[in-house]
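Notes for the one structure printed next.
Order of the sequence lines fixes the chain letters, A, B, ..., with proteins taken first and strands second; residue numbering starts at 1 for each chain.
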2 protein chains.
Amino acid sequence: MKKTVTAKDVAKLAGVSQSSVSRVYFTGAAVSEKTKKKVLAAAAELGYHPNEFARSLITNRTKIIGLVMKGVQNPFYPQVLSQFTAEFKKWGYSVLFVHTNNEEIQNEDVETLLNYNVAGVIITDATMSLKVAKSFKNNEIPLVFFNRKIHTNDFYSVSCNNLNASRRIAEFLLAKGGTSMVYLAGNEQTSTSREREEGFTEILSDHNISYKKYSSDFTYEGGYHTALEIVKHQLPSAFFVANDIMALGVLDALRKKGIRVPEDTKVVGFDNIEMSGWPAYQLTTWEQPINQMVEKTVNYLLKEMANYTGMARTVEVEGSLIERKTT
Amino acid sequence: MKKTVTAKDVAKLAGVSQSSVSRVYFTGAAVSEKTKKKVLAAAAELGYHPNEFARSLITNRTKIIGLVMKGVQNPFYPQVLSQFTAEFKKWGYSVLFVHTNNEEIQNEDVETLLNYNVAGVIITDATMSLKVAKSFKNNEIPLVFFNRKIHTNDFYSVSCNNLNASRRIAEFLLAKGGTSMVYLAGNEQTSTSREREEGFTEILSDHNISYKKYSSDFTYEGGYHTALEIVKHQLPSAFFVANDIMALGVLDALRKKGIRVPEDTKVVGFDNIEMSGWPAYQLTTWEQPINQMVEKTVNYLLKEMANYTGMARTVEVEGSLIERKTT
DNA sequence: CTGAAAGCGCTTACAG
DNA sequence: CTGAAAGCGCTTACAG
């Protein structure tokens with residue numbers, strides 16, 4: 001039998017009421033210094049910790065944020081995870097990590113989030129059906145789509161201004177004198193991949209530059225093998241690759257084929273993950289300002305958790321081009 | 001006001017008692033098919049989810065595993081995280097992600113774990129003072145040090161057999177005909193780095209091969225800059241680098257200096273992270289069998305959570321050498 | 001198999 | 001500022 005030390009035990013030892021013990025641990029409650037001292041001494045002696053579950057049960061709110069993530073292989077996401085965790089820690093919130101293997105978040109994961117009555121939810125690179133998203137709305141649990149946009153205007157989303165970023169990438173590549181280009185898509189179901197394509201091809205069309213689209217899956221392997229396929233047929237003057245990890249695969253494929261970058265062709269990625277700056281790659285890319293994106297997400301969630309309104313908005317941050325050696 | 005749907009609401013609609021509703025959601029309880037049907041229909045209509053907090057309060061056990069992690073930059077750890085999450089999900093456990101920036105787990109994080117009354121704790125690349133570790137013992141919360149050993153025999157730890165692995169790496173390098181070697185340490189406070197050094201240098205000493213030790217910090221940057229420093233003075237016939245991510249830095253530093261691998265010198269890493277197999281690196285390394293390590297950890301935790309004994313053991317798994325192009 | 005009731009460890013009006 | 005008491009949403013003996 002596990003003997004848990006409760007507020008009652010502490011109260012007994014300290015010679016005060018259980019309510020007073022509770023007040024010591026509840027920020028904002030009124031307790032005298034004297035009582036506080038007695039209670040803390042007794043608590044230290046017994047090794048008391050307020051039970052977060054009992055607390056949550058009575059306040060009907062938790063200090064848990066559900067963070068849903070899929071692509072742990074892409075260094076972008078672990079970084080997002082650690083930044084969220086660090087930021088929420090400042091506010092006393094903990095992160096429940098939900099990992100989906102599937103593209104779409106599974107029912108059992110949704111159950112978990114609902115059962116734990118999480119204070120808020122962040123969806124990163126997974127998708128969520130509108131029906132499921134609505135069930136969070138019904139429970140007044142604020143939800144943010146991070147780095148993904150959603151079709152309807154019913155939810156809050158934070159992402160990079162992909163449209164503008166990819167337009168500027170197209171202009172940048174155009175200025176370098178390209179004549180034929182390739183857009184290498186990630187998972188085409190994602191808004192991320194689609195928007196980056198849209199902005200890029202829009203500018204190219206304006207300038208009558210031919211381009212071809214290939215599809216892959218946002219992974220290194222995908223980038224590598226697709227690039228190998230592509231160069232069998234043609235060598236475009238530049239590749240715009242939907243994210244960095246794929247772009248690294250493209251670079252390695254080109255290197256294997258003896259194709260020099262940036263002399264023979266050019267490559268631009270998206271994300272600015274740490275590895276893109278490594279000497280072996282030196283990838284030109286678009287930096288997503290994770291800090292800002294995290295901050296906007298946390299601020300929204302904090303506000304909604306304090307006072308739920310269900311407010312929806314599509315927030316976009318700009319970011320900037322990081323020019324390195326592949327262009 | 002948030003209106004939570006409770007078992008009572010469901011009971012009313014279904015025309016049964018609240019206890020019956022409870023029984024439907026508690027696996028193992030006896031309920032008739034008829035009652036179950038009525039309850040599930042009512043629950044679906046109302047959108048009911050059993051409150052995990054109330055449940056935990058009464059059973060005095062949670063389904064939350066605290067996972068403490070520091071080095072999210074090293075791809076080894078995100079992989080560990082996702083494997084643990086996937087494995088525990090099978091058993092109905094969720095993962096509370098605790099990220100420390102500091103080497104040692106901070107007090108507030110310990111508080112969090114204790115407050116949430118987690119069912120078990122996994123410490124990966126962070127350290128934990130014995131005093132703190134004991135407080136988990138006092139609360140009968142099973143604890144595993146993952147990929148780290150602890151000085152005393154009071155705790156369960158799961159790691160690779162670093163001693164044997166590094167001995168075999170030394171022998172392997174010796175067979176390649178090296179005459180002077182370098183061991184590039186990670187954080188020297190870690191058992192991981194120290195053991196890898198010990199096994200490696202033991203064999204070298206036996207064969208009267210000179211070696212030199214340099215210290216770094218288990219990061220890519222650390223490996224890169226330290227290697228640059230090293231080759232200013234000498235070019236050893238081989239580097240044994242305490243983990244892969246540092247070894248990748250070493251390879252990039254050598255490449256920058258025009259030093260050919262494996263012709264001019266050789267490099268061996270440790271972990272076998274995904275990137276080590278990428279064409280740009282093709283690093284020879286020691287594969288840590290994450291699957292086995294995770295499995296042993298989960299099995300132990302599951303057993304202890306069912307029936308706490310406080311059993312301590314140091315478990316080691318073997319792994320194997322992956323020979324690629326850097327040797 | 002089912003219901004009424006006690007109780008998990010807290011917070012929070014309510015009096016004083 | 002403090003204590004006695006109600007109650008959060010469940011599980012679980014206890015009867016029937």
Round to the nearest Å and state the distance from [X] atom [atom1] to [N] atom [atom2].
X: B:L114; N: C:dG9; atom1: CG; atom2: P; answer: 15 Å
X: A:F26; N: C:dT11; atom1: CZ; atom2: C1'; answer: 7 Å
X: B:Y25; N: D:dT12; atom1: OH; atom2: P; answer: 17 Å
X: B:R61; N: C:dG9; atom1: CZ; atom2: C1'; answer: 18 Å
X: A:K63; N: C:dT11; atom1: NZ; atom2: P; answer: 12 Å
X: B:K8; N: C:dA4; atom1: NZ; atom2: P; answer: 12 Å
X: B:K34; N: C:dC1; atom1: NZ; atom2: P; answer: 13 Å
X: A:N51; N: D:dC8; atom1: CG; atom2: C1'; answer: 13 Å

Classify the nucleic acid contact of [X] as base, sugar-phosphate or nothing, counting any heavy atom under 4.0 Å across all strands shown.
X: B:T59; value: sugar-phosphate
X: B:V21; value: nothing
X: A:S20; value: sugar-phosphate
X: B:S22; value: base
X: A:A7; value: sugar-phosphate
X: A:E52; value: nothing

For A:E52, the side chain to side chain donor-acceptor pair (under 3.5 Å) test, sequence neighbours excluded, returns none

Tell me, please, which residues at least two apart from A:T192 pass side chain to side chain donor-acceptor pair (under 3.5 Å). A:R148

Which of these nucleotides, [options], is closest to any side-chain atom of [X]?
X: A:I58; options: D:dG7, C:dC1, C:dT12; answer: D:dG7
X: B:T35; options: C:dT12, D:dC10, C:dT2; answer: C:dT2
X: A:T4; options: D:dG9, C:dG9, C:dC10; answer: C:dG9

Side-chain N or O of [X] versus OP1/OP2 of [N]: is the shortest distance under 4.0 Å?
X: B:S19; N: D:dT12; answer: no
X: B:T6; N: D:dG9; answer: no
X: B:Y48; N: D:dC10; answer: yes

State, without any angle test, whether B:N147 and B:Y77 hold a side-chain donor-acceptor pair at a distance under 3.5 Å. yes

State whether a side-chain donor-acceptor pair under 3.5 Å links A:N102 with A:T100. no

Need to verify one output field. Residue with the more 5' nearest nucleotide on DNA chain C, A:F53 or B:K36? B:K36

B:A54 or B:S32, whichever maps to the more 5' nucleotide of DNA chain C: B:S32

Test the B:K149-B:F155 pair against the cation-pi criterion, namely NZ or CZ under 6.0 angstrom from the six-membered ring centroid and within 45° of the ring axis. no

Closest-nucleotide 5' rank along DNA chain D - winner of A:L57 and B:R23: A:L57

Chi angles and distances behind the side-chain hydrogen bond (donor to acceptor under 3.5 Å, both in side chains) call for B:S193, B:T190: CA-CA 6 Å; B:S193 184; B:T190 62; 4.6 Å; no

Between A:K90 and A:E87, does any NZ, NE, NH1 or NH2 come within less than 4.0 Å of an OD or OE carboxylate oxygen? yes

For DNA chain D, just give me the dot-bracket, please: Watson-Crick or G-U, both distances below 3.5 Å, ( ) intra-strand, [ ] crossing earlier pairs, | paired with another strand, . unpaired. |||.||||||||.|||

If you measure from OG1 on A:T127 to CG on A:L130, what distance do you get to the nearest 0.5 Å? 10.5 Å

